[in-house]
Amino acid sequence: MPPGSPAPPRPARDRVDLRFDGWITGVGTASGTRLVLGHWPRSPFGAFSDVMLERPDGHRTLLAPTGRVAEFIAGTYAFDEVRVVPVEVRTAGDRWTVASGALLDLCFTVGRRGALGTLLRLAAPVTSRRAFAALTDPVARLLMGVHTRGSAGNGRYEWYGARDLRRLTAATAAYEGRDLGPLAPVDPPVRFGFGSTPRMPCQVRVTTTVRVPGPAPMR
């Protein structure tokens, strides 16, 4: 658990656990801009994708497809700017293409999974659970510099249950018409929430649980 983080709130009638099932992809670029794509085929808001972007000067931007999705994400993470814009994701084998109107063009290729990815994939029924995320948080911090649980904004608490891991082999990105340069480590770590993505550009298959005060959001 991050230093100073409160213990996870206990389930109660006024707290709800929301599950998001999909992929988180962390992309670093030679320009110093880092991007985090969330692609969620299953969520309390239906299927959607979003992009979190941090410039070298530290300015953090959220691109989200609807006002309701933007409100929820901005209430969980920290941003300097929020834009409600289409975020379209297409896949062709291992190649992913992300477009957000005239703002963002991102393409990346996912490589083969290594030993850790294979292990996570085989153990996915266990690794996707909150208890496993809580148990492995110290190990994830030590080996990869990431957190798998922690406190978020507005009294929320999160667990990240990794189910697969694959490195990226290539990426191109342009934001607001400016080429961001070739693929590079996600360095320095992004500062949207209590943890960053791994330093190596990669894609993680994940089940994220967010415990929120109050009733579940309506679609």
Which value, rounded to the nearest 0.5 Å, describes the distance between [X] atom [atom1] and [Y] atom [atom2]?
X	Y	atom1	atom2	result
Thr76	Glu71	OG1	CD	10.0 Å
Arg55	Thr61	CZ	OG1	6.5 Å
Phe79	His59	CZ	NE2	11.0 Å
Thr208	Trp40	OG1	CH2	3.5 Å
Asp80	Phe192	CG	CZ	9.5 Å

For the student: nearest non-hydrogen atoms of [X] and [Y], plus distance:
X	Y	answer
Ala184	Ala30	CB-N, 3.8 Å
Gly58	Glu54	CA-OE2, 3.6 Å
Pro56	Gly32	CG-C, 3.7 Å
Phe194	Ser151	CD2-O, 3.3 Å
Ser49	Val89	OG-CG2, 3.4 Å
Pro44	Leu18	CG-CB, 3.8 Å

Would you find more than 12 non-hydrogen atoms of other residues, nucleotides or ligands less than 6.0 Å from Glu81 atom CD? yes

Quick check: are there more than 12 heavy atoms from other residues, nucleotides or ligands sitting under 6.0 Å from CZ of Arg167? no

Are [X] and [Y] side-chain neighbours, meaning at least one heavy-atom pair lies under 4.5 Å?
X	Y	result
Leu53	Tyr175	yes
Arg19	Ser43	no
Arg34	Pro188	yes
Thr207	Arg163	yes
Thr33	Arg178	yes
Leu165	Met200	yes
Phe108	Thr25	yes
Arg211	Trp159	yes

Is there a path of hydrophobic side-chain contacts, each under 4.5 Å between heavy atoms of I, L, V, M, F, W or Y residues, that connects [X] with [Y]?
X	Y	answer
Leu180	Val27	yes
Val206	Val69	yes
Val85	Met52	no
Leu35	Leu183	yes
Ile24	Tyr77	yes

Do Phe20 and Phe72 have their ring centres less than 6.0 Å from each other?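 Under 6.0 Å, so yes.
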
Worked check of side chain to side chain contact (heavy atoms under 4.5 Å, CB included) between Tyr160 and Val204: CA-CA 10 Å; Tyr160 291 102; Val204 181; over 6 Å; no

All salt bridge (charged side-chain N to carboxylate O under 4.0 Å, His left out) counterparts of Glu158, not counting sequence neighbours: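 With neighbours one apart ignored, the set is empty.
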
Sequence neighbours excluded, which residues qualify as side chain to side chain contact (heavy atoms under 4.5 Å, CB included) partners of Asp187? Pro185, Pro189, Arg199

Ignoring hydrogens and angles, write down the donor-acceptor pairs under 3.5 Å from the side chains of residues 93-107, residues two or more places apart or on other chains.
{"from": "Asp94", "atom 1": "OD1", "to": "Arg166", "atom 2": "NH2", "distance (Å)": "3.1"}
{"from": "Ser100", "atom 1": "OG", "to": "Pro86", "atom 2": "O", "distance (Å)": "2.9"}

NZ/NE/NH1/NH2 to OD/OE distance under 4.0 Å, Arg205 and Asp164: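 Looking at Asp164 together with Arg205, the answer is no, because their closest N to O distance does not fall below 4.0 Å.
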
If we check side-chain contact (heavy atoms from CB on, under 4.5 Å) with Asp50, which of these qualifies: Ile73, Val87, Leu37? Ile73

If only atom types and distance count, is the side chain of Asn154 paired as donor or acceptor with the main-chain N or O of Arg156 below 3.5 Å?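 It does not hold such a pair.
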
